[in-house]
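Structure record follows, encoded as structure tokens.
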Amino acid sequence: MRVEEHLRAFEVAGEELVVGGMPLRRLAARAGSTPFFAYSRDLLTERVASVREALGDDVRLGYAVKANPMPAVVQHLAARVDWLDVASAGEMAVALDAGQPAARVAFAGPGKTDAELRQAVAAGVLLEVESAGEVDRLAAVGEALGIRPRLAVRVNPDFVVRGSGMRMGGGPQQFGVDAELVPALLDDIADRDLGLEGFHLFAGSQNLQVDIVMEAQARTVDLLLALADKLDAPVGYLNLGGGLGIPYFPKDEPVDLPHVGAHLRELVQRSVRPAQPTADVVVELGRYLVGEAGVYVTRVVDVKDSRGHTYVVVDGGMHHQLAASGNFGQVVRRNFPVVVGTRVGREPAGETSVVGSLCTPLDLLADRVDLPATEPGDLVVVLQAGAYGLTASPTRFLGHPEPVELLV
Ligand SMILES: *Cc1c(COP(=O)(O)O)cnc(C)c1O
């Protein structure tokens with residue numbers, strides 16, 4: 001997607017980008033300092049509504065808190081989704097503080113410590129177990145507390161989903177129990193005082209290829225239904241994962257959400273419901289819900305020419321927005337959409353690189369992009385910055401202050 005297409009999600013007042021109803025300079029004044037992150041309530045609300053419309057009434061929507069754990073964002077989403085997925089005791093606390101009922105908080109992740117298991121069992125959340133050893137520890141924690149733990153088995157599939165930005169299932173994995181080992185584990189769980197509710201499978205992240213997402217959903221349903229069939233009672237929880245990506249780079253195209261949704265609805269009607277009439281069928285999405293609702297706003301500190309090349313130096317950088325610098329899982333560095341938010345619509349003045357304030361060549365926010373002529377004081381904005389931004393960045397690197405985050 002081209003930068004101009006990304007900009008269509010926003011209003012523009014004069015030459016200023018408008019976020020959350022406020023022109024950018026005023027928003028910066030409100031924030032009190034640059035750099036800052038701003039997340040739009042309206043864009044979050046609209047995105048959830050379109051996902052719900054696509055999924056229909058029979059598929060539950062989960063939000064994976066790790067994509068953006070800002071408490072106000074989590075609270076906004078908690079009121080609009082069915083489940084919250086957390087991956088640490090810290091995220092669990094944010095989810096519960098946001099008012100999410102513990103009954104619909106699911107806790108995944110390898111290496112949950114005994115202390116985290118204890119907190120989660122006491123809270124009453126659903127634990128997605130990742131290994132036989134974790135089942136042992138969970139049973140011991142439940143016994144010590146006198147509370148029956150709620151759990152689902154996270155399955156490491158016997159298939160691989162191609163086209164994911166990050167693969168988290170198939171082959172050897174730290175995530176989930178290998179599918180072929182699950183039946184024996186189910187016997188083991190049945191012998192303990194553990195409340196098994198169902199299964200979870202998350203095969204990968206940031207997938208823009210709809211056919212592959214749909215194929216993965218079908219194979220996930222087949223596998224989880226076959227495992228659920230080994231149990232005496234119907235299951236209450238079937239989490240099919242998610243993995244829908246968002247367009248970051250020029251060649252990326254957005255997924256056809258209605259198409260994926262229709263396919264999933266049909267799959268649930270045709271395959272899941274006859275076998276499992278009452279299970280909560282859950283799709284868990286992180287970046288797809290929040291990524292496009294957020295911007296990272298920096299101020300131009302310096303504009304310099306070096307041997308024919310223009311550098312715009314801003315007061316932010318990779319310590320807040322690592323992914324835009326190309327250092328968060330990308331193999332080939334490509335540019336996030338970056339605009340001068342105080343000169344929207346101006347003619348490009350030539351190839352420019354936007355660099356952050358850190359003293360390392362890694363701190364490159366945009367490499368040779370067409371930007372209008374820019375002066376110190378202008379605000380440069382990284383779009384698609386609502387997910388895996390601040391909390392997925394090395395904030396202490398170089399010792400700059402942390403940025404403000406606003407939900408507007
Ligand atoms: C990270 C993660 C997600 C969210 O991934 P996105 O790419 O942000 O949608 C969902 N489920 C699990 C288990 C995860 O670890």
Side-chain angles (χ1 to χ4, degrees), residues 62 83 85-87 105-118 120-121 124-161 167-204 215-243 267 271-282 284:
W83 283 81
D85 293 280
V86 301
V105 174
F107 189 160
K112 301 180 199 74
T113 63
D114 285 356
E116 285 180 307
L117 293 176
R118 207 173 301 123
V121 171
V125 310
L126 179 71
L127 283 142
E128 293 172 324
V129 293
E130 312 259 357
S131 72
E134 193 174 286
V135 171
D136 289 339
R137 292 190 297 116
L138 182 61
V141 163
E143 206 169 303
L145 285 172
I147 303 169
R148 191 166 206 239
R150 302 173 54 218
L151 75 157
V153 175
R154 178 168 179 184
V155 179
N156 176 29
D158 45 11
F159 57 84
V160 167
V161 177
R167 186 156 68 79
M168 293 174 72
Q173 284 289 342
Q174 70 265 55
F175 307 109
V177 178
D178 295 344
E180 60 277 17
L181 302 179
V182 172
L185 187 65
L186 295 180
D187 291 341
D188 192 28
I189 290 171
D191 291 340
R192 323 263 195 118
D193 195 11
L194 292 169
L196 180 70
E197 298 191 5
F199 298 94
H200 172 218
L201 196 162
F202 180 76
E215 186 196 323
Q217 287 173 341
R219 298 183 77 167
T220 298
V221 163
D222 284 349
L223 177 54
L224 296 191
L225 286 180
L227 293 172
D229 208 36
K230 302 195 184 304
L231 300 167
D232 298 332
V235 295
Y237 181 76
L238 287 174
N239 185 331
L240 309 182
L267 184 65
S271 302
V272 179
R273 285 311 168 208
Q276 297 289 341
T278 52
D280 250 16
V281 176
V282 183
E284 53 180 12

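What you are looking at is a predicted structure, and each value in this text was computed from that prediction instead of being measured.
- Between Leu196 and Leu186, some side-chain heavy-atom pair lies under the 4.5 Å cut-off.
- When atom types are taken as modelled, the side chain of Glu130 and the backbone of Gly109 share a donor-acceptor pair closer than 3.5 angstrom.
- More than 12 non-hydrogen atoms from other residues, nucleotides or ligands lie less than 6.0 angstrom from CD of Gln174.
- The side-chain contact (heavy atoms from CB on, under 4.5 Å) test with Val182 singles out one residue from Ile189, Leu224, Val177, Leu223, and that residue is Val177.
- Of all the heavy atoms in Gly171 and Asn156, the pair that sits closest is O-ND2, 2.8 Å.
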Go through Leu201 and Leu240 one step at a time and tell me if the side-chain contact (heavy atoms from CB on, under 4.5 Å) criterion holds.
CA-CA 5 Å; Leu201 196 162; Leu240 309 182; over 6 Å; no
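- Screening residues 217-243 for ring pair (Phe, Tyr, Trp, His ring centres under 6.0 Å) gives Trp83-Tyr237 as the qualifying pairs, with residues at least two apart or on separate chains.
- Rounding to the nearest 0.5 Å places CZ of Arg148 at 5.0 Å from CG of Asp193.
- Within the 4.5 Å cutoff, the side chain of Val141 has no heavy atoms near those of the Pro149 side chain.
- Minimum interatomic distance between Leu194 and Ala139 (heavy atoms only, all atoms of both residues): CD2-CA, 3.9 Å.
- Between Phe199 and Leu231, the closest side-chain pair of non-hydrogen atoms falls below 4.5 Å.
- Annotation for Val235 and Ala228: closest pair CG1-CB, 4.1 Å, computed over non-hydrogen atoms.
- The shortest non-hydrogen separation linking Ala108 to Arg154 is CB-NH1, 4.1 Å.
- The main-chain N or O of Leu127 is never found under 3.5 Å from a side-chain atom of Arg150 such that the two would form a donor-acceptor pair.
- Side-chain contact between Gln276 and Leu238 is present, with heavy atoms from C-beta onward closer than 4.5 Å.
- The nearest pair of heavy atoms linking Glu134 to Val129 is OE2-CA, 3.1 Å.
- Side-chain contact check for Phe107 versus Glu128: every heavy-atom pair is 4.5 Å or farther apart.
- Considering only heavy atoms from C-beta on, Arg192 comes within 4.5 Å of Asp136 through its side chain.
- Residues Leu227 and Val155 form a side-chain contact, since some pair of their non-hydrogen atoms from C-beta on lies under 4.5 Å apart.
- Here the closest non-hydrogen pair linking Pro157 and Gly169 is CD-CA, 3.9 Å.
- Interatomic distance, OG of Ser131 versus NZ of Lys112, reported as 8.0 Å (0.5 Å rounding).
- Rounded to the nearest 0.5 angstrom, Leu126 CG and His200 NE2 are separated by 9.5 Å.
- Annotation: side chain of Asn239 is not in contact with side chain of Val281 (no heavy-atom distance under 4.5 Å).
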